[in-house]
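FYI, the numbering just counts along the sequence from 1. Quick caveat: nothing in here was measured; it's all calculated off a predicted structure.
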Amino acid sequence: MRTKLLIVMLIFSSVIHAQNWQEWTQQKKTQRKYLLQQIAALQVYLGYAKKGYVIAGNGLKVIGQIKKGDFDLHDEFFTSFRYTKSAIVSSAKVAAIINRQLQIINESKKTIKAIDETDAFAPEEKSQGKKAFQNLLSSCIEVIVELVTLITSKELSLKDDERLERID
């Protein structure tokens, strides 16, 4: 029976954590020692936390720079649609359209003047003829204004192929 009791006490003594002799006799010193150990451990954790915040802050800065760079690329891309390439502005098609429209305007003005000076038409026919040529003049001016807006305006956001398509 005593051996059984001794074995049970040995088993429980290895599991039970009680105060040792130093803790009994010098409680304030041991408590101070434990508190200093806790402070040291907290200082280590504080260092880890600071490093973590630095890493997170640097990561957020990188994300912000990437985001800004991506935004700048998109902004530059879409802004480029507002400017017409010099090759389009100085193309032969643009010059030919403007030249042709100016010729039509000049000929229409001459025709209107000739209609006014002739006696071959009745007043109603003169009025209709002048009206038709004035409509033609208005159309030509609209075409020139639209073409100039197309090649010079920064309000239009068009790709080069879209500008060329409209010119055609």
Side-chain angles (χ1 to χ4, degrees), residues 17 30-168:
H17 298 288
T30 55
Q31 186 177 15
R32 188 174 294 147
K33 176 183 164 189
Y34 290 145
L35 290 175
L36 288 174
Q37 288 174 350
Q38 287 179 350
I39 290 171
L42 289 174
Q43 290 293 332
V44 170
Y45 291 136
L46 181 65
Y48 290 150
K50 284 182 181 178
K51 286 180 185 176
Y53 282 119
V54 167
I55 290 170
N58 290 340
L60 289 173
K61 284 179 188 176
V62 168
I63 290 170
Q65 290 169 347
I66 291 170
K67 187 173 111 179
K68 184 180 180 330
D70 187 50
F71 176 78
D72 289 346
L73 283 174
H74 283 87
D75 186 49
E76 185 178 324
F77 177 72
F78 288 112
T79 301
S80 71
F81 291 157
R82 293 189 182 147
Y83 298 101
T84 308
K85 303 274 188 305
S86 61
I88 294 174
V89 173
S90 61
S91 73
K93 284 183 183 180
V94 171
I97 291 170
I98 291 174
N99 188 26
R100 190 58 157 158
Q101 295 300 317
L102 291 175
Q103 286 174 351
I104 293 171
I105 289 171
N106 289 333
E107 289 299 319
S108 296
K109 285 182 180 180
K110 286 180 188 176
T111 306
I112 290 172
K113 186 176 180 183
I115 288 174
D116 276 342
E117 293 173 356
T118 188
D119 290 331
F121 299 111
E124 188 176 298
E125 291 173 333
K126 283 183 179 184
S127 174
Q128 285 180 351
K130 284 174 28 178
K131 188 176 180 182
F133 279 100
Q134 286 171 344
N135 287 340
L136 181 62
L137 282 171
S138 295
S139 294
C140 288
I141 291 171
E142 286 177 18
V143 167
I144 290 174
V145 167
E146 184 179 347
L147 182 63
V148 169
T149 301
L150 185 64
I151 62 174
T152 61
S153 177
K154 293 178 181 158
E155 294 175 8
L156 296 176
S157 255
L158 298 171
K159 295 182 206 171
D160 292 339
D161 60 335
E162 292 172 333
R163 286 184 197 272
L164 290 172
E165 185 178 315
R166 283 194 180 182
I167 289 171
D168 287 342

query = CD of E146 to CD1 of I151: how many Å apart, nearest 0.5 Å?
reply = 11.5 Å
key: Sequence neighbours excluded, every pair satisfying salt bridge (charged side-chain N to carboxylate O under 4.0 Å, His left out) that has a member inside residues 55-74   = K68-D72
request  = Using atom types as modelled and distance alone, determine if a side-chain donor or acceptor of T79 lies under 3.5 Å from a backbone N or O of D75.
outcome  = yes
List the atom pairs, with distances to 0.1 Å, where a side-chain N or O of residues 38-58 and a protein N or O form a donor-acceptor pair under 3.5 Å, not counting sequence neighbours.
{"unit_1": "N58", "atom_1": "ND2", "unit_2": "V54", "atom_2": "O", "d": "3.4"}

Please list every donor-acceptor pair under 3.5 Å in which a side-chain atom of residues 92-105 meets a protein atom from a residue at least two apart or in another chain.
{"unit_1": "K93", "atom_1": "NZ", "unit_2": "D168", "atom_2": "OD1", "d": "2.6"}
{"unit_1": "K93", "atom_1": "NZ", "unit_2": "D168", "atom_2": "OD2", "d": "3.4"}
{"unit_1": "R100", "atom_1": "NH1", "unit_2": "Q103", "atom_2": "OE1", "d": "2.9"}

query = Considering the options L147, V148, I141, which one meets the side chain to side chain contact (heavy atoms under 4.5 Å, CB included) requirement together with V145?
reply = I141
task = Just jot down the salt bridge (Lys or Arg N to Asp or Glu O under 4.0 Å) partners of K109, sequence neighbours excluded, or say none.
result = none
remark   = The salt bridge (Lys or Arg N to Asp or Glu O under 4.0 Å) partners of E142 (sequence neighbours excluded) come to none
note = What one should report as the nearest heavy-atom pair of L136 and S108 is CD2-OG, 3.4 Å
ask   = Which side chain to side chain donor-acceptor pair (under 3.5 Å) pairs, counting each pair once, include a residue from residues 120-132, with sequence neighbours left out?
value = D116-K130
request  = Output all residues satisfying side chain to side chain contact (heavy atoms under 4.5 Å, CB included) with S139, sequence neighbours left out; order by chain, then residue number.
outcome  = none
query = Just wondering, are more than 12 heavy atoms of other shown residues or ligands nearer than 6.0 Å to CD in Q134?
reply = yes
